Amino acid sequence: MAKTIREAYGEALVEFGADNPRIVVLDADLSGSTKSGIFGKKYPERFFNLGIAEANMVGVAAGMASEGKIPFINTFAAFLVTMGLIGARAYGSYSNLNMKFMGAYTGLSDAYDGPTHHTLEDIAIMRALPNFQVFAASDASNARWLTKNAIEVEAPMYIRLSRGSVPDLYAPDEKFEVGKGKILREGTDATIISCGIVLHEAVKAAEILAGQGVNVRVVDMFSIKPIDKELILDSAAKTKFIVTAEEHSIVGGLGGAVAEVLTEAGASVKQAFVGLNDTHAETGDYGKLFQKYGLDADAIVRKTLAGLGK
């Protein structure tokens, strides 16, 4: 059984925290859910539960960062990019402090806690902040690397961590690079560029399409800012159509970032968007929400076939 993304993150904090006393972890009374509590049990002197006070938590983390610590800030993404936004903007973006914003339960993955717990605009918000790097973990191995990279790179970061369970896409020793996507499958007819949990649906969609004689390239764009312009333009040159698929609003998310690259370069390729169509989402079973809002493999297949005129 593959580790969940959040479990891999919590274990990575403990692993890398053993040799780096600069790492401190903050949480807003959700450490059992975010899995930051794994670090808290191992290193209680470097773990701080700030309670349900997200804005205050970010301010405390800013003070720690200004003194040379590497603060990992944890709570549900819905609250981190809203109540925590003023601090992210002032301390992370404007002051360029070395703060790590770890958005838990992103997209629709907090399925039953109520519609206000969904996070469908966080990529748009955080990638608009100057100096911030933005990532979306796609499996356990990627989550571990993103944690390690966050420790090694002196920059404010926002990292999406889903609650959902997914199979492993990568080997434990897979190599990743900031600003570079990963090609999971080659194809010549179309390219599906995705991130996070929806990436697994994109892989399923490519398998379905292959059975219909359609060869699709699948790209994991886990690094959303900076984004892999070279790979996007290569995909535009080598395939006839691009589909972006994400667990996010189609306004300002990964799809928008890809469209910006294509437009700036004058690439002559059509693009379709799989994501929530400028709407809030209701509460319910996670898988059924994917179906209702058109985020599953079947929806990606339909978009791809339509774009190819099939």
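Computed from a predicted structure; not experimentally measured.
Phe176 and Ile227 sit in two unconnected hydrophobic clusters of ILVMFWY residues. Membership requires side-chain heavy atoms under 4.5 Å apart, directly or through other members. One hydrophobic cluster, built from ILVMFWY side chains closer than 4.5 Å, holds both Ile159 and Ile23. Leu199 and Tyr293 fall within the same hydrophobic cluster, where Ile, Leu, Val, Met, Phe, Trp and Tyr residues are linked whenever their side-chain heavy atoms come under 4.5 Å apart, directly or through other members. Hydrophobic clustering, with ILVMFWY side chains joined whenever heavy atoms are under 4.5 angstrom apart, groups Met157 together with Met102. Leu30 is not connected to Ile73 by any chain of hydrophobic side-chain contacts under 4.5 Å among Ile, Leu, Val, Met, Phe, Trp and Tyr, and they are in different clusters.
Heavy-atom contacts from other residues, nucleotides or ligands closer than 6.0 Å to CZ of Arg185 number more than 12. Other residues, nucleotides and ligands place more than 12 heavy atoms under 6.0 Å from the CD1 atom of Ile183. In this structure, Tyr91 places its OH atom where only 12 or fewer heavy-atom neighbours from other residues, nucleotides or ligands lie under 6.0 Å away.
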**OP:** Would you check, one step at a time, whether the test side chain to side chain contact (heavy atoms under 4.5 Å, CB included) holds for Glu282 with Leu289?
**Re:** CA-CA 8 Å; Glu282 63 187 68; Leu289 290 176; 4.2 Å; yes
Subject >> Derivation and outcome, side chain to side chain donor-acceptor pair (under 3.5 Å), residues Asp122 and Thr106 >> reply: CA-CA 8 Å; Asp122 54 322; Thr106 49; 5.5 Å; no
**OP:** For side chain to side chain contact (heavy atoms under 4.5 Å, CB included), just list the numbers for Ile5 and Asn142, CA-CA rounded to whole Å, side-chain angles, deciding distance to a tenth of an Å, and then say yes or no.
**Re:** CA-CA 8 Å; Ile5 287 172; Asn142 186 236; over 6 Å; no
**OP:** I would like to know whether Ile192 and Val274 meet side chain to side chain contact (heavy atoms under 4.5 Å, CB included); could you show each step before the answer?
**Re:** CA-CA 10 Å; Ile192 303 171; Val274 171; over 6 Å; no
**OP:** Take Ser109 and Ile197 through the side chain to side chain contact (heavy atoms under 4.5 Å, CB included) test and state the conclusion after the steps.
**Re:** CA-CA 9 Å; Ser109 65; Ile197 297 293; over 6 Å; no
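Not counting sequence neighbours, the partners of Asp29 by the side-chain hydrogen bond (donor to acceptor under 3.5 Å, both in side chains) test are Asn49. Legend: residues meeting side-chain contact (heavy atoms from CB on, under 4.5 Å) with Thr283, ordered by chain and number and at least two apart, are Tyr112, Pro115. Glu186 meets the side-chain hydrogen bond (donor to acceptor under 3.5 Å, both in side chains) test with Arg217; sequence neighbours excluded. For Lys238, the salt bridge (charged side-chain N to carboxylate O under 4.0 Å, His left out) partners at least two apart in sequence or on another chain are Asp234. By the ring pair (Phe, Tyr, Trp, His ring centres under 6.0 Å) test, Tyr158 is found to be paired with no residue, residues two or more places apart in sequence or in another chain being considered.
Using a distance-only test at 3.5 Å, with no hydrogens or angles considered, a donor-acceptor pair links the side chain of Ser141 to the main chain of Ala171. Remark: side-chain polar atoms of His200 are paired, donor with acceptor, to backbone N or O of Ser138 under 3.5 angstrom. The main-chain N or O of Leu161 is never found under 3.5 Å from a side-chain atom of Arg6 such that the two would form a donor-acceptor pair. A side-chain donor-acceptor contact under 3.5 Å links Asp189 to the backbone of Asn215. Panel note: side chain Arg46, backbone Gly17; a donor-acceptor pair is recorded below 3.5 Å. Looking only at distances, a side-chain donor or acceptor of Arg22 sits under 3.5 Å from a matching main-chain atom of Gly68. Judged by distance alone, the side chain of Asp139 and the main-chain N or O of Leu169 form a donor-acceptor pair under 3.5 Å. With hydrogens and angles ignored, the 3.5 Å screen pairs a side-chain donor or acceptor of Ser95 with a backbone N or O of Ala90. Looking at Lys100, its side chain does come within 3.5 Å of a backbone N or O of Ala155 through a donor-acceptor pair.
Nearest heavy atom pair, residue Ala78 against residue Thr119, reads N-OG1, 3.1 Å. Closest heavy-atom contact between Phe76 and Asp113: CE1-OD2, 4.0 Å. Considering all non-hydrogen atoms of both residues, Ile123 and His248 come closest at N-NE2, 3.1 Å. Taking every heavy atom of both residues into account, Gln133 and Val153 meet most closely at NE2-CG1, 4.3 Å. Here the shortest heavy-atom pairing between Ala111 and Asp285 reads CB-C, 4.5 Å. The two residues Ala88 and Met126 come nearest to each other via the heavy atoms CB-CE, 4.1 Å.
Of the options Phe72, Phe132, Phe79, a ring-ring contact (aromatic ring centres under 6.0 Å, His included) to Phe101 is made by Phe132 and by none of the others. Among the candidates Arg144, Lys42, Lys148, the single residue satisfying the salt bridge (charged side-chain N to carboxylate O under 4.0 Å, His left out) test with Glu15 is Arg144.
One distance of note links CD1 of Ile151 with CG of Asn20; it measures 6.5 Å at 0.5 Å rounding. Interatomic distance, CZ of Phe290 versus CG of Leu295, reported as 5.0 Å (0.5 Å rounding).
For the pair Ile300/Val198, a side-chain contact is recorded, criterion being any heavy-atom separation below 4.5 Å from C-beta on. Side-chain contact between Leu231 and Lys180 is absent, with no heavy-atom pair separated by less than 4.5 Å. Glu174 is not listed as a side-chain neighbour of Trp145, based on a closest heavy-atom distance of 4.5 Å or more. Within the 4.5 Å cutoff, the side chain of Tyr286 has heavy atoms near those of the Ser162 side chain. You'll find the side chain of Leu13 stays beyond 4.5 Å of the side chain of Ile38, heavy atoms only. Side-chain contact between Thr4 and Arg163: absent, with no pair of heavy atoms (C-beta onward) separated by less than 4.5 Å. Between Asn96 and Pro156 there is a side-chain heavy-atom pair separated by less than 4.5 Å. The side-chain heavy atoms of Phe48 and Val60, taken from C-beta on, include no pair separated by under 4.5 Å.
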Ignoring hydrogens and angles, write down the donor-acceptor pairs under 3.5 Å from the side chains of residues 249-271, residues two or more places apart or on other chains.
unit_1, atom_1, unit_2, atom_2, d
Ser249, OG, Val251, N, 3.0
Glu260, OE1, Arg127, NH1, 3.2
Glu260, OE2, Arg127, NH2, 2.8
Thr263, OG1, Ala259, O, 2.8
Lys270, NZ, Gly307, O, 3.3
Gln271, NE2, Thr244, OG1, 3.3
Gln271, NE2, Gly255, O, 3.2

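Here Glu201 pairs with Lys204 in a salt bridge; the nearest charged N to carboxylate O distance falls below 4.0 Å.
In this structure, Lys35 fails the cation-pi test against Tyr9, since its NZ or CZ atom is not both closer than 6.0 Å to the six-membered ring centre and inside 45 degrees of the ring normal.
Between the side chains of Asp220 and Tyr170, at least one donor N or O sits under 3.5 Å from an acceptor N or O.
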